[in-house]
Amino acid sequence: MSRQLSDPDPTQTLEAELTWTGERFEPDIRITVERSGRIADVTKISEADPAATRMAGKALLPGFVNAHSHAFQRGLRGRGESFPAGAGSFWSWREAMYELAGGLDPDRFHRLYVETFREMRRAGITTVGEFHYLHHANAGELDFRFDEAVLAAATEAGIRLVLLEAFYRSGAIGQPLAGAQRRFSTPDAESYWRQMDRLAPMLNDRQTLGAVAHSIRAADPGEVAELYAEARRRGLVFHMHIEEQRQEIADCIAEYGATPMALLNDRLDQFDGFTAVHCTHTESTEMSRFLAAGGSVCLCPLTEANLGDGIADIAAVHQAGGTLCLGSDSNARISMVEEMRWAEYVQRLAGEQRGVLRDESGSVARPLLAAATVAGAHSLGLDTGRIEPGHWADFIAIDLTCPTLAGWQPETLLTTLLLGTAEETIAATCVAGEWAG
């Protein structure tokens, strides 16, 4: 089979021992990458090409797509994990996060982002959607210095970036920003879109923008609707934290008489390009309305477990055919393999059954990989997540000789990888045709 986009002057031709073709690992696949960094050709071959790069003992997968990250929170790793005053919560963790956010200077901010993005590359993540709200180097000033620093860090780390620029006007429903929150400030829609216009010409060919309303705490329902409408007019994806915490829902009901998701469902008639992050406590009827209107859900299992958020009813999202993607969120542990594994495992614990996120054939591995690749690319509006002509040449090379993969067969390799291993199996990653070991 040959699926050819063009006949370019290629930068490289790859022949791995096995290549993921969307449903299975297959041998004898040749991938041609053009100079632009996109895949030109994916061909089933009968004999090796002497000029090709032979990747013996390696399997190729699409690079993982991390649809939701707050990279600066990597600086909290190891902190906030003792509880002398009693049981902790999201809200007590948030105070530690504010302390970190308030103390970052530009140099430390840059180093932290480069280190975090490099760690993502080592974990097989070739694309990150950075849900970015820590905008200002100086509290009380609208300098937006940290926005440019994120772009620079992604370039230095060699990761594909969607800068999900967050609108953040209020510190809680009906309350002004306070303390470290002042570094998050976007005081109105006009200043927000002005900054988006300023950032656009700074992007390189591996960077794009997306729009964000941080949460119902940071933007009122009218602002969310206006931001979403303008984002779609500009062709931008739109992301928002939704119903991660019960207190958020209670405060919203007290102020507006409805839950955050119900408010959005009532105000917006479609959710094309809209990704709701967490949805930990979203009621099933409202979730169904959101999905039917085109919305996507981003789950962050390791962070949701770390913060004690609760367990979202993702089984219902999956059964309804909803689009489910994955994110590393607080980056307390950066492992897309573990995010996939725990997306399934927490549902097993909640429902006391196995194989919750299975496809029609009974596989859980294929839907989990789709969440970490195809669905993440859809959420971020990118041509990634597939090894197909026209898509970016973003790959993971798996070391088939890794001891934790011992005993694999082509038909069991994906399940072995996702449910039985971690980053030790990743030999190298590739972004736009450029490899890093």
Side-chain angles (χ1 to χ4, degrees), residues 1-65 121-127 157-160 204-206 337 365-366 369 372-374 377 382-418 421 423-437:
M1 103 193 132
S2 178
R3 294 171 285 172
Q4 188 164 331
L5 177 70
S6 62
D7 186 21
D9 180 17
T11 57
Q12 58 187 305
T13 302
L14 305 173
E15 295 177 4
E17 186 168 331
L18 293 170
T19 299
W20 182 257
T21 59
E23 292 293 328
R24 64 189 64 83
F25 281 106
E26 296 186 38
D28 304 320
I29 298 293
R30 179 181 300 147
I31 302 169
T32 304
V33 179
E34 60 187 9
R35 293 191 182 281
S36 67
R38 290 185 181 268
I39 299 169
D41 192 20
V42 180
T43 308
K44 186 75 172 178
I45 59 175
S46 57
E47 59 183 28
D49 179 355
T53 300
R54 295 287 298 161
M55 302 180 70
K58 303 294 189 295
L60 284 184
L61 280 169
F64 297 144
V65 179
R121 280 292 299 264
R122 292 192 295 270
I125 296 166
T126 54
T127 297
I159 198 166
R160 189 177 303 283
N204 64 37
D205 60 2
R206 300 181 191 181
V337 172
R366 280 196 294 268
L369 180 62
T373 55
V374 177
L382 297 175
D383 295 327
T384 57
R386 303 177 190 269
I387 300 179
E388 294 182 359
H391 283 63
W392 290 108
D394 295 357
F395 308 130
I396 301 168
I398 300 298
D399 180 3
L400 295 174
T401 69
C402 185
T404 54
L405 285 173
W408 68 267
Q409 299 293 323
E411 62 274 14
T412 64
L413 177 57
L414 184 66
T415 303
T416 303
L417 176 68
L418 300 191
T421 77
E423 288 66 56
E424 74 278 0
T425 64
I426 296 173
T429 57
C430 179
V431 175
E434 295 186 5
W435 289 91

Shortest non-hydrogen separation from Ile396 to Gly124 and the atoms involved: CD1-O, 3.3 Å

Contacts of type side-chain contact (heavy atoms from CB on, under 4.5 Å), residue Thr425, not counting sequence neighbours: Ile398, Cys402, Thr404, Leu405, Leu417, Thr421

Donor-acceptor contact present, side-chain Trp408 to main-chain Leu400, <3.5 Å: yes

Side chain Lys44, main chain Pro27, donor-acceptor under 3.5 Å: yes

Test salt bridge (Lys or Arg N to Asp or Glu O under 4.0 Å) applied to Glu23 and Arg366, step by step: CA-CA 7 Å; Glu23 292 293 328; Arg366 280 196 294 268; 3.7 Å; yes

With Asn204 via side-chain contact (heavy atoms from CB on, under 4.5 Å) - residues at least two apart: Thr155, Arg206, Gln207

Distance-minimising heavy-atom pair for Ile39 and Arg386: CD1-O, 4.1 Å

Geometric class of the Trp20/Phe25 ring pair [parallel <30°, tilted 30-60°, perpendicular >60°]: perpendicular

Heavy-atom donor-acceptor pair, Arg38 side chain to Gly390 backbone, under 3.5 Å: yes

Pairwise distance CG(Leu382) to CZ(Arg160) - rounded to 0.5 angstrom: 7.0 Å

Rounded distance (nearest 0.5 Å) linking atom CG of Leu18 with atom CG of Leu60: 9.0 Å

Closest heavy-atom pair and its distance - Val42, Glu388: CG2-CA, 4.1 Å

N/O donor-acceptor pair under 3.5 Å between Asp399 side chain and Ile426 backbone: no

Set of residues satisfying side-chain hydrogen bond (donor to acceptor under 3.5 Å, both in side chains) with respect to Glu17, sequence neighbours excluded: none

Nearest heavy-atom neighbours spanning Leu369 and Leu418: N-CD1, 4.1 Å

Pair Thr21-Glu26, side-chain donor/acceptor within less than 3.5 Å: yes

Closest non-hydrogen atom pair, Asp41 against Pro389: CA-CG, 4.3 Å

Value rounded to 0.5 Å, distance of CD1 in Ile31 from CD1 in Ile387: 4.5 Å

Ala123 to Glu423 - nearest heavy-atom pair and separation: CA-CG, 3.6 Å

